[in-house]
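All chains are named by letter (A, B, ...) in the order of the sequence lines, taking the proteins before the strands, and each is independently numbered beginning at 1.
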Amino acid sequence: MLPVAEEIGSEALLRMFTTFPKTKTYFSHLDISARSEHLRCHGKKIVEALAEGARNISTLTTTLAPLSRFHAYQLRIHPTNFKLFNHCIIVTLACHMGDNFTPVAHAAIDKFLSAFSAVLAEKFR
Amino acid sequence: MVEWTDAERKAIKAVWGKINVDVTGPQALARCLIVYPWTQRHFGSFGSLSDAASIMSNKKVAAHGKVVLNGLGLAVKNMDNIKSTYAPLSVLHSEKLHVDPDNFRLLSDCVTIVVASQLGRAFTPDIQAAWQKFLSVVVSALGKQYH
């Protein structure tokens, strides 16, 4: 998935901003219009972090500790937004993969993204 | 009252026009039962739901998937009146079927994902936004008569 990290990540972000406009409030400091440099760069960063989590799937809490602190103490994103982004990643994968995005693959990805988000939100309080 | 722009109406009808109820319905319901296994609680009489393969080949799941998607067609035909159109269905789901309304959103997400996999790149972010706005109105209408 890594070579298309930028494409998947930026598309997922764009889908989220379009379907759930309130999520844009966290990005007022960036240009998040379609195909912008910021959008592509940020999308790539997120997908690379997801890939890193997937490579260390049994030690998510330790692997993601720095990101977890960052989301809790600096970004302070309302936790419901993680679900919205996860949904848009899944929609993006479905669009790109068609029938290959089987129910079993969908279940596995959904479970992984939920676990990933739970770790990111762990230090919130 | 929900306001629909012309672009939204066009997008929703276009998506609906591309959906085959007999294919999308079964796939969406099966996906929901697989990805969110707790939703199986409402389908005890459907026979074997023990794994993904048995869910996907279960004839009762397929039949019910078609019923659900045909119900969605009712909303497409009555976009300016979804709340009152769905009132009887809401009563049914609350008083007879006892379905936790949070599960409606999960099924609607699965419908979106099946549609996305069928339409591919044609399911653009703008079309997704209009489609999801429509589904969220339907989900809200289904939960309206709960008390």
Side-chain angles (χ1 to χ4, degrees), chain A residues 4 6-24 27 32-36 39-40 42-43 79-118, chain B residues 5 7-8 11-12 15 18 23-24 26-40 49 51-58 61-62 65 102 105-136 139:
Chain A
V4 297
E6 190 180 280
E7 202 187 323
I8 301 278
S10 61
E11 187 179 321
L13 280 172
L14 185 63
R15 285 183 184 280
M16 184 180 71
F17 296 143
T18 315
T19 306
F20 310 107
K22 65 177 183 115
T23 55
K24 292 190 287 189
F27 294 88
I32 47 169
S33 52
R35 288 174 298 281
S36 75
L39 190 73
R40 286 188 285 114
H42 202 73
T80 49
N81 293 300
F82 296 137
K83 286 197 178 79
L84 302 181
F85 182 66
N86 292 346
H87 171 71
C88 289
I89 289 234
I90 287 173
V91 170
T92 304
L93 289 174
C95 286
H96 282 249
M97 294 172 64
D99 284 337
N100 289 328
F101 191 57
T102 62
V104 171
H106 176 175
I109 300 266
D110 192 274
K111 183 174 174 181
F112 168 66
L113 292 175
S114 302
F116 195 99
S117 312
Chain B
T5 65
E8 284 168 344
I12 291 157
V15 170
K18 297 199 180 94
V23 170
T24 302
Q27 283 186 3
L29 183 59
R31 204 167 269 257
C32 187
L33 296 172
I34 292 166
V35 179
Y36 309 110
W38 57 89
T39 56
Q40 292 170 22
L49 301 176
D51 57 16
S54 54
I55 291 172
M56 291 199 292
S57 59
N58 186 305
V61 170
D102 286 344
R105 195 184 44 79
L106 299 182
L107 179 55
S108 82
D109 281 349
C110 287
V111 170
T112 298
I113 286 154
V114 170
V115 166
S117 70
Q118 286 170 352
L119 300 188
R121 309 313 291 276
F123 194 59
T124 63
D126 284 331
I127 290 179
Q128 179 188 347
W131 179 250
Q132 294 214 211
K133 177 178 169 180
F134 167 67
L135 286 182
S136 69
V139 163

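- The closest side-chain heavy-atom distance from A:T80 to A:K83 is not below 4.5 Å.
- The parts of A:H106 that come within reach of chain B are both its backbone and its side chain, each placing non-hydrogen atoms under 4.5 angstrom from that chain.
- One distance of note links CD of B:Q132 with CG of B:D109; it measures 6.5 Å at 0.5 Å rounding.
- Contacts between B:Q128 and chain A at a heavy-atom distance below 4.5 Å involve backbone atoms as well as side-chain atoms.
- Considering only heavy atoms from C-beta on, B:V111 comes within 4.5 Å of B:W131 through its side chain.
- Of the listed residues A:T19, A:L14, A:T102, A:D110, the one with more heavy-atom pairs under 4.5 angstrom with chain B than any other is A:T19.
- By the 4.5 Å heavy-atom criterion applied to side chains, B:I113 and A:H87 are counted as neighbours.
- A:I109 is listed as a side-chain neighbour of A:L93, based on a closest heavy-atom distance under 4.5 Å.
- Looking at B:L119, there are no atoms closer than 4.5 Å to chain A (heavy atoms on both sides), in backbone or side chain.
- Interface remark: A:F17 contributes no atoms to any contact with chain B (heavy atom separation under 4.5 Å).
- Per-residue heavy-atom pair counts under 4.5 Å with chain A were compared for B:Q27, B:M56, B:R121, and the maximum is reached by B:R121.
- No other option in B:A129, B:S117, B:A30 has as many heavy-atom pairs under 4.5 Å with chain A as B:S117.
- Neither the backbone nor the side chain of A:T92 comes within contact range of chain B, judged by heavy atoms closer than 4.5 Å.
- The candidate from A:T18, A:N100, A:D99 with the greatest count of non-hydrogen atom pairs under 4.5 Å with chain B is A:T18.
- Side-chain atoms of A:I90 and A:F101, non-hydrogen and from C-beta on, do get closer than 4.5 Å to each other.
- For B:D51, the CG atom is densely surrounded, since the number of other residues' heavy atoms within 6.0 Å is greater than 12.
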